[in-house]
Amino acid sequence: MSDPKVAARQAVDAALPQLVALSEDLYEHPEIAWQEVRSAELVATLLEEHGFAVTRDFVGVPNALKAVSGAGRRRIAVMAEYDALPHIGHACGHNLIAATSVGAALGLSRVADELDLKVELYGTPAEEGGGGKIEMLDRGAFEGVDFAMLAHPAPVDVVRAEPFAVSHSAVSYTGKAAHAAAYPSQGINAADAFIVAQVAIGQLRQQLPPTTRVHGVMTSGGEAPNAIPERTTGRWYVRASTLTELTEVQRKVENCFEAGALATGCELSFEPESQPYADFRAFEPGLEAYERNARALGRDLRTEGPETEMRRASTDMGNVSQVVRAIHPYIGVGSYPVLNHQKEFADHCVGPTANQALIDGAVALAWTGIDVADLL
């Protein structure tokens, strides 16, 4: 290790109690996409205590933030996600992402002047379907950044992210209510429209390429069994290997929902919840540096097996990677067979194993930033 790496490690070690407290506080108080008021403030306050200049609601995006330390010409960014999932809390481990990223930023800030760095931490809301980074990207938040990174919790360590591109859509059918026994012929059944669409999607899957995924939920489907449902709503995701493939599959899925409207006479609303998430373009030198550093810390890196499949999960970091050099490795919390987006996964993102992942992830990212700085 070079001296800057020793200094960065010391800075992370010194802040570990605060980093663990941040992770545990976020775990105890989960906030879903676009509602992360408390979470963003916790991150901002901790960074201010360590001398970072913080801008809240950065570029006009609610609960986004930018924190800066150093004034060098090389701009290294660390992304902090902190939104939770509805009903299952931090079952994707964003409490750990936030704490790990803050730790990495603190480590890099210790050597910023020596290495001619400008260390930037971005708090990015609404990764779970809201596309917070895309909103920030469109408003110029990351212009001029030389390198961006984060480490995402997963069952095991995986270096390379290979996420699907994904679209998120809100679906609703509007029909006409009627008494289901006395006047059924006077009703237009919005629940039937949804059933037709779901059956059509089930048939469509036979002809879809293996690089795609189509899935969703009905969020409301009627109120009373003796009333023809007047309105049904749902949320549907379409995933594909690239944005180009996604566009084609999305068109076919929309046709399935149109079939439901045509068959029943309902009116259909099919609206995007966010801009599509892109596939990921990895900065290979950064990925190689992270792998070296993770191995130096004793991390057990995996490349295959069902426990590694979190690497396929979609992320709005993919959009950032299309325009900024970026990496998105996964840091293991030893949970397998418990997986991301299972309620039990949240419990694996606190405690001794999670805290070791936190400090290893923070140090590995900081060391990677140091290595990449020499390439910029």
Side-chain angles (χ1 to χ4, degrees), residues 18-49 52 54-67 78-105 121-137 139 141 150-154 166 168 170 217 219 235 237 273-275 277 310 313-317 320 328 331 333 335 339-351 354-355 357-358 361-362:
Q18 289 179 292
L19 299 174
V20 171
L22 172 63
S23 175
E24 292 177 347
D25 200 330
L26 293 172
Y27 165 83
E28 294 288 347
H29 302 91
E31 296 174 309
I32 63 173
W34 300 122
Q35 298 180 26
E36 316 95 325
V37 176
R38 186 178 186 278
S39 302
E41 185 57 31
L42 284 172
V43 172
T45 299
L46 179 53
L47 287 164
E48 283 179 330
E49 290 175 2
F52 280 71
V54 177
T55 303
R56 292 165 173 79
D57 292 338
F58 182 57
V59 293
V61 174
N63 308 323
L65 65 90
K66 179 180 180 181
V78 190
M79 304 291 188
E81 298 170 1
Y82 31 65
D83 59 321
L85 290 155
H87 309 299
I88 55 176
H90 277 293
C92 206
H94 290 196
N95 60 304
L96 266 184
I97 294 177
T100 299
S101 293
V102 169
L121 181 137
Y122 292 90
T124 63
E127 190 277 335
E128 295 288 358
K133 292 184 192 66
I134 306 174
E135 293 294 324
M136 296 173 71
L137 191 65
R139 301 184 192 198
L150 65 79
H152 195 299
V166 64
H168 314 89
V217 294
T219 53
R235 302 179 66 209
Y237 288 7
E273 294 182 325
S274 74
Q275 296 182 60
Y277 288 15
M310 186 57 193
S314 306
T315 171
D316 56 4
M317 190 68 173
V320 176
H328 187 285
I331 189 89
V333 294
S335 66
L339 310 171
N340 297 65
H341 289 210
Q342 294 178 340
K343 185 176 182 180
E344 296 81 6
F345 188 81
D347 296 332
H348 284 272
C349 292
V350 290
N355 293 342
L358 191 168

Checklist outcome for this item: Between Leu85 and Cys92, the two heavy atoms sitting closest are CD1-N, 4.1 Å
Checklist entry - Using the ring of each side chain (for Trp, its six-membered ring), is His168 parallel, tilted or perpendicular to Tyr277, with breaks at 30° and 60°? => result perpendicular
Next on the checklist: With side-chain contact (heavy atoms from CB on, under 4.5 Å) as the criterion, how do Ile97 and Glu127 come out once you've worked through the C-alpha distance, each side chain's angles and the decisive distance to 0.1 Å?
Outcome noted: CA-CA 12 Å; Ile97 294 177; Glu127 190 277 335; over 6 Å; no
Checklist entry - Can you name the closest pair of heavy atoms from Ala126 and Asp316 and give their distance? => result O-OD2, 4.0 Å
Item to check | Heavy-atom pair of closest approach, residues Ala84 and Glu128 | outcome: O-CG, 4.2 Å
Checklist entry - Shortest non-hydrogen contact from Ser274 to Gly130? => result CB-O, 3.5 Å
Checklist entry - Any side-chain heavy-atom pair from Thr100 and Ile331 closer than 4.5 angstrom? => result no
Next on the checklist: Would Asp25 and Leu42 count as a side-chain contact (heavy atoms from CB on, under 4.5 Å) here? Give the steps.
Outcome noted: CA-CA 9 Å; Asp25 200 330; Leu42 284 172; 3.8 Å; yes
Checklist entry - With a 4.0 Å cut-off, would you call Glu273 and Arg235 a salt bridge? => result yes
Checklist entry - What are the two closest heavy atoms between Ala357 and Val333, and how far apart are they? => result CB-CG1, 4.3 Å
Next on the checklist: Go through it in stages, so that I can follow the logic: the residues are Val61 and Trp34, the test is side-chain contact (heavy atoms from CB on, under 4.5 Å), and I'd like the CA-CA distance, side-chain angles, deciding distance and then a yes or no.
Outcome noted: CA-CA 9 Å; Val61 174; Trp34 300 122; 3.7 Å; yes
Checklist entry - Which is it for Met310 and Phe345 under the side-chain contact (heavy atoms from CB on, under 4.5 Å) test, yes or no, and what are the steps along the way? => result CA-CA 12 Å; Met310 186 57 193; Phe345 188 81; over 6 Å; no
Checklist entry - Which atoms form the tightest heavy-atom contact between Pro153 and Cys349, and what is the distance? => result CB-SG, 4.3 Å
